[in-house]
Amino acid sequence: MLAQAAGLAVLAALSPPALLVVAVYLGSAQPRRIGGYYLAGAVLMSIVTGVTVFAALRSGGLARPGEHAPRYGLRLGLGVLALAMGAVITARKPKPPDPAKPNKSIVSRMIASPSPGTAFIVGLLVFAPSATFIAAVQAVATARASIELSALALVIVVVLNVALVWLPILAHLAAPGWTSRMLTSVNGWLRRHGRALLAIVAVSVGTVLTVNGLTGLLRLTTGPGSTPLASGCAGPPRSQ
């Protein structure tokens, strides 16, 4: 259960927007303070989402041994959603920037004027629930594990989910000059290629979850005695 949830959380952490924002904040006049508030918002949103999804799945009984089909069905649905997001991102061609019409999105405006309050809100918005993060929490919620082990797994999932925020902040504390130069380079690269990278991540995540869900559902219907076997990225049946 831990390995599967951690793997999905790492996939959820691969967020170009999250890294782009932290690159901007660590280049601001108050990098550590602004970055800290951004991290606080990201952690809070991840915790609230994780606890809410965990409670909903546990109260729905998906941790029971006989609920394999709903678990795989949920993963399949999340995979299809991620694939659809990747398709939309790929199909929508970005318009060339118009200097006379600056970006009007609320996140862009808040990033352009960094402050502790806006950084916290941006953390909440950037780390809004994603299909991959929900799948990681599902791996924890549907495992037949003690509440203590489940709580530990949720903490690990949250920490990994915001890794692209706290890792740059730690690097900036240890080597501010080097980190600032690296993040400036990364920032420029992401502004040029972030959209394509986001589409690749969404399609990759969608493929993993869709294959996992379909494989599990097919094995439920064709396996010996209709007993579910472990799918490609899943652990033993009791950890599904």
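Residues take their numbers from the sequence shown, with the count starting at 1.
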Colleague: I'd like to know if M85 and V208 are part of one continuous hydrophobic network [Ile/Leu/Val/Met/Phe/Trp/Tyr, side-chain heavy atoms within less than 4.5 Å].
Modeller: no
Colleague: My understanding is that a hydrophobic cluster links ILVMFWY residues whose side chain heavy atoms are under 4.5 Å apart, including indirect links. Using that, what else belongs to the cluster containing L198?
Modeller: I89
Colleague: With a 4.5 Å heavy-atom cut-off, do F127 and L44 have their side chains touching?
Modeller: no
Colleague: By the side-chain hydrogen bond (donor to acceptor under 3.5 Å, both in side chains) test, which pairs, at least two apart or in different chains, include something from residues 6-21?
Modeller: none
Colleague: Test V137 against T49 for side chain to side chain contact (heavy atoms under 4.5 Å, CB included), laying out the working first.
Modeller: CA-CA 9 Å; V137 177; T49 301; 5.9 Å; no
Colleague: Does M182 have more than 12 heavy atoms from other residues, nucleotides or ligands lying within 6.0 Å of its CE?
Modeller: no
Colleague: Within a radius of less than 6.0 Å around CE of M45, do more than 12 heavy atoms belonging to other residues, nucleotides or ligands occur?
Modeller: yes
Colleague: Check whether any side-chain heavy atom of I169 sits under 4.5 Å from a side-chain heavy atom of R32, and report yes or no.
Modeller: no
Colleague: Report the distance from atom CD1 of I147 to atom CG of L152, rounding to the nearest 0.5 Å.
Modeller: 11.5 Å
Colleague: Suppose we screen for ring pair (Phe, Tyr, Trp, His ring centres under 6.0 Å). Which residues come up paired with W178, at least two apart in sequence or across chains?
Modeller: none
Colleague: If you look at every heavy atom in L81 and A131, which pair is closest and at what distance?
Modeller: CD2-CB, 4.5 Å
Colleague: What residues, two or more places apart in sequence or in another chain, satisfy side chain to side chain contact (heavy atoms under 4.5 Å, CB included) together with A12?
Modeller: S130, T132, F133, N161
Colleague: With distance as the sole test, does T215 use its side chain to make a donor-acceptor pair with the main-chain N or O of N212 at under 3.5 Å?
Modeller: no
Colleague: What pairs with I134 under side chain to side chain contact (heavy atoms under 4.5 Å, CB included), at least two apart in sequence or on another chain?
Modeller: V53, L78, P129
Colleague: Does anything in residues 147-167 pair up under ring pair (Phe, Tyr, Trp, His ring centres under 6.0 Å), and if so which pairs, sequence neighbours excluded?
Modeller: none
Colleague: Taking transitive links into account, so neighbours of neighbours count too, which hydrophobic residues share a cluster with V203 at under 4.5 Å side-chain distance?
Modeller: L83
Colleague: Measure the CG-CG distance between L39 and L164 for me, rounded to the nearest 0.5 Å.
Modeller: 11.5 Å
Colleague: May I ask you to decide if G27's main-chain N or O and S180's side chain share a donor-acceptor pair within less than 3.5 Å?
Modeller: no
Colleague: Report the distance from atom OG1 of T179 to atom CG of L173, rounding to the nearest 0.5 Å.
Modeller: 8.5 Å
Colleague: Could you pull out all residues at least two apart from S204 that satisfy side chain to side chain contact (heavy atoms under 4.5 Å, CB included)?
Modeller: I200
Colleague: Would you give the length of the straight line joining atom OG of S28 to atom CD of Q30, rounded to the nearest 0.5 angstrom?
Modeller: 7.0 Å
Colleague: Could you report the tightest heavy-atom contact between A9 and A136, atom names first, then the distance?
Modeller: N-CB, 3.8 Å
Colleague: With sequence neighbours left out, write down each residue that passes side chain to side chain contact (heavy atoms under 4.5 Å, CB included) with V24, or none if nothing qualifies.
Modeller: L20, I111, N187, R191
Colleague: Grab the two heavy atoms, one from L217 and one from G73, that are nearest each other, plus how far apart they are.
Modeller: CD2-N, 4.1 Å
Colleague: Quick one: do H172 and L183 satisfy side chain to side chain contact (heavy atoms under 4.5 Å, CB included)? Show the steps, please.
Modeller: CA-CA 10 Å; H172 192 272; L183 288 177; 5.5 Å; no
Colleague: For residues 28-58, which residue pairs pass the ring pair (Phe, Tyr, Trp, His ring centres under 6.0 Å) check, not counting sequence neighbours?
Modeller: Y25-Y38
Colleague: In the structure I gave you, are the side-chain heavy atoms of T142 and R58 within less than 4.5 Å of one another anywhere?
Modeller: no
Colleague: What pair of heavy atoms forms the shortest contact from A139 to L8, and how long is it?
Modeller: CB-CD1, 4.5 Å
Colleague: For S115, give me all partners under side-chain hydrogen bond (donor to acceptor under 3.5 Å, both in side chains), at least two apart in sequence or on another chain.
Modeller: T118
Colleague: For T210 and L76, which heavy atoms make the closest approach, and how far apart are they?
Modeller: CG2-CD1, 3.7 Å
Colleague: From the options I156, V155, V157, select the one residue that forms a side-chain contact (heavy atoms from CB on, under 4.5 Å) with V159.
Modeller: V155
Colleague: Looking only at heavy atoms, which two atoms of A42 and S46 are closest? And how far apart?
Modeller: O-OG, 2.9 Å
Colleague: Is V88 linked to L197 within one hydrophobic cluster, defined over Ile, Leu, Val, Met, Phe, Trp and Tyr using a side-chain heavy-atom separation of less than 4.5 Å?
Modeller: no
Colleague: Indicate yes or no: at least one non-hydrogen side-chain atom of V21 is less than 4.5 angstrom from one of V122.
Modeller: yes
